[in-house]
Amino acid sequence: MSQEATDTATDATARPPVLIDLALQGGGSHGAFTWGVLDRLLDEPWLRVEAISGTSAGAMNAAVLAHGWADGGAAGAKAALDFYWRKVSHAARFSPLQRSPLDRLTGRWSIDNSPTYLAFDLMTRMFSPYYLNPLDYNPLRAILAESIDFQRLARSSIKLFITATSVRTGRGRIFRNAEITADVLLASACLPTMFQAVEIDGEHYWDGGYAGNPTITPLIRESDAHDTILVQINPRERTDVPRTANDVLNRLNEVSFNSPLMKELRMIALLRQVADPGQGEGARWAEMRTHRIWTDNLAAFGASSKLNAEWEFVGMLKELGRRSADGFLRAHAGDLGKRSTADLDILLQEC
């Protein structure tokens, strides 16, 4: 770590504010890792969140943060996130999808060995949610109603960009503050095998991860910040070739949900190389600085653990997120506002 980064990390209150954008991936209960990242970033008074793009669990974190910020700044945002995740964990106590006794005994956080999960997984491959869940019950709807004042959200100074995927066209739609409702957030997190498509303005939507996880472009075009921090929770690479049917399906989902983001980051890298650094939109692309907070540890928990929202697990993920964000700040606090710490140009070599 450079001396500049050390000085900045230890004397953060002395430096001028740095506007940042946040790009938050989805990933079920693994979104608690993002909660921890946000909780740590909100500790820094010199970091000013200008805009957030979020998908699925990232959309929930984004909306809750912006709602809390509108009421009480950083402290309000931290309190709102804590309230939301406690509600999620409390609701999970009544879910039929629980860890098996063997998983609990061995300390595994996935629910792969749960008889209920195995039966549920088989049923979702044979029947659609229109038959399995005809009343379209989603416990998150009540939690969102308790956690977010959507009228306040519409007035929040933090710009929001929430992505959902149109079932009809397969294209992503970006919802902004004044458009965001509980239905929009549920649409952004709507897994097609678990929930019925969410209808908004006559159009039906599925999880936004199929189109953008998250979408970066509006942050460049509509935000005054030049630094974008991507909080990534879906593993991009795995060393082992999946062998079981479940592992193959899980890896396919990871690739599918990462693909839109990787394509957009490649496009951004290319546009940055050819953009005119003068006035106008070209300058926005040329001046963009990118950063990434992530951890390899999430890959070890298994895909089914994304359905596990036990408070002990959620709390552990939050702490993991705080440590990851703290490590990023210790290494790169001095880079924010000055230079990128994530090399996007390397993505052009993969084309």
Task: Nearest-0.5 Å distance, CZ of residue R48 to CG of residue D21 - done: 14.5 Å
Open item on the list: Among residues at least two apart in sequence or on other chains, which ones pass ring-ring contact (aromatic ring centres under 6.0 Å, His included) with Y205?
Closed with: F175
- [ ] Considering only NZ, NE, NH1 and NH2 on the basic side and carboxylate oxygens on the acidic side, decide whether R15 and E44 come within less than 4.0 Å.
- [x] no
- [ ] State which residue, out of I52, V64, L153, I158, fulfils the side chain to side chain contact (heavy atoms under 4.5 Å, CB included) condition with W69.
- [x] I158
Open item on the list: Using modelled atom types and a 3.5 Å cut-off, is there a donor and acceptor pairing between side-chain atoms of S223 and backbone atoms of A225?
Closed with: yes
- [ ] Assess the side chains of T341 and D335: does a donor N or O sit below 3.5 Å from an acceptor N or O?
- [x] no
Open item on the list: Rounded to the nearest 0.5 Å, what separates atom CG in D149 from atom OG in S156?
Closed with: 11.0 Å
Task: ILVMFWY network linking F161 to I220, side-chain heavy atoms under 4.5 angstrom - done: no
Task: Donor-acceptor pair, side chain of Q98 and main chain of A92, under 3.5 angstrom - done: yes
Open item on the list: How long is the straight-line distance from CD1 of I111 back to NZ of K306, given to the nearest 0.5 Å?
Closed with: 12.5 Å
TODO: Kindly indicate whether the side chain of Y137, heavy atoms from C-beta on, has any atom under 4.5 Å from the side chain of F195.
DONE: no
Open item on the list: Count I, L, V, M, F, W, Y as connected when their side-chain heavy atoms are under 4.5 Å apart, and connections chain through other members. Are V314 and L144 then in the same cluster?
Closed with: yes
TODO: State whether a side-chain donor-acceptor pair under 3.5 Å links E203 with S166.
DONE: yes
TODO: Verify salt bridge (charged side-chain N to carboxylate O under 4.0 Å, His left out) between R40 and E319, making sure each step is shown before the conclusion.
DONE: CA-CA 9 Å; R40 177 63 185 89; E319 183 56 32; over 6 Å; no
- [ ] Give a yes or no answer on whether the side chain of S305 reaches the backbone of N308 with a donor-acceptor pair at less than 3.5 Å.
- [x] no
TODO: Report the C-alpha separation of L261 and I216 in whole Å, then their side-chain angles, then the decisive distance to 0.1 Å, and conclude whether the side chain to side chain contact (heavy atoms under 4.5 Å, CB included) test is met.
DONE: CA-CA 8 Å; L261 174 64; I216 306 295; 4.0 Å; yes
Task: Distance-only polar pair, side chains of S147 and H67, donor-acceptor under 3.5 Å - done: no
Task: Closest heavy-atom pair and its distance - A63, L160 - done: CA-CD1, 3.9 Å
Task: Side-chain touch L140/M60, heavy atoms, less than 4.5 angstrom - done: yes
- [ ] Verify side chain to side chain contact (heavy atoms under 4.5 Å, CB included) between R99 and S114, making sure each step is shown before the conclusion.
- [x] CA-CA 6 Å; R99 286 189 296 161; S114 165; over 6 Å; no
Open item on the list: Minimum heavy-atom separation for A51 and L219, please, with both atom names.
Closed with: CB-CD2, 3.8 Å
Open item on the list: Count I, L, V, M, F, W, Y as connected when their side-chain heavy atoms are under 4.5 Å apart, and connections chain through other members. Are M316 and W294 then in the same cluster?
Closed with: no
Task: Distance-only polar pair, side chains of S56 and S188, donor-acceptor under 3.5 Å - done: no
Open item on the list: Please find the pair of heavy atoms, one from A57 and one from G31, that lie closest to each other, and give the distance.
Closed with: CB-CA, 4.1 Å
Task: Salt-bridge present (D121, R125; N to O < 4.0 Å) - done: yes
- [ ] Over 60° means perpendicular and under 30° means parallel, so classify the ring planes of F328 and H291, tilted if in between.
- [x] perpendicular
TODO: Hey, could you give me the OG/CD distance between S53 and Q25, rounded to the nearest 0.5 Å?
DONE: 10.5 Å
Open item on the list: Any non-hydrogen side-chain atom of I20 less than 4.5 Å from a side-chain atom of E50?
Closed with: no
- [ ] Using a 4.5 Å cut-off on heavy atoms from C-beta on, say whether the side chain of I229 contacts that of L336.
- [x] yes
- [ ] Decide whether W206 and I200 are clustered together by the hydrophobic rule: side chain heavy atoms of Ile, Leu, Val, Met, Phe, Trp, Tyr closer than 4.5 Å, transitively.
- [x] no
Task: Heavy-atom pair of closest approach, residues L185 and F150 - done: CD1-CE2, 3.9 Å
- [ ] Would you please test E264 and T217 for side chain to side chain contact (heavy atoms under 4.5 Å, CB included) and show each step?
- [x] CA-CA 8 Å; E264 192 171 16; T217 305; 2.4 Å; yes
Task: Test side chain to side chain contact (heavy atoms under 4.5 Å, CB included) applied to T55 and D207, step by step - done: CA-CA 8 Å; T55 296; D207 195 298; 4.0 Å; yes
TODO: Identify the two heavy atoms, one from P260 and one from A211, that lie closest to each other, and give their separation to 0.1 Å.
DONE: CB-O, 3.4 Å
- [ ] Give a yes or no on whether the backbone of G76 and the side-chain of D71 come within a donor-acceptor separation of less than 3.5 Å.
- [x] no
Task: Flag side-chain contact, heavy atom, 4.5 Å: F94 against P139 - done: no
Open item on the list: Does either side chain, that of R108 or that of T106, offer a donor lying less than 3.5 Å from an acceptor on the other one?
Closed with: no
Task: Nearest heavy-atom neighbours spanning G68 and A80 - done: CA-CB, 3.8 Å
Task: Check ion pair K159-E222 (N to O, under 4.0 angstrom) - done: no
Task: Distance (rounded to the nearest 0.5 Å) between L317 CG and I233 CD1 - done: 9.0 Å
Task: Separation of L42 CG from L65 CG (nearest 0.5 Å) - done: 5.0 Å
Task: Residue among R141, R86, K87 satisfying salt bridge (charged side-chain N to carboxylate O under 4.0 Å, His left out) with E146 - done: K87
Task: Salt-bridge present (D82, K78; N to O < 4.0 Å) - done: no
Task: Flag side-chain contact, heavy atom, 4.5 Å: T295 against L320 - done: yes
Open item on the list: Taking V88 as the starting point, is it possible to reach W311 by hopping between hydrophobic residues whose side chains are less than 4.5 Å apart?
Closed with: yes
Task: Heavy-atom side-chain contact between N61 and L22 under 4.5 Å - done: no
Task: Pairwise side-chain contact, F120 with M194, heavy-atom cut-off 4.5 Å (strictly under) - done: yes
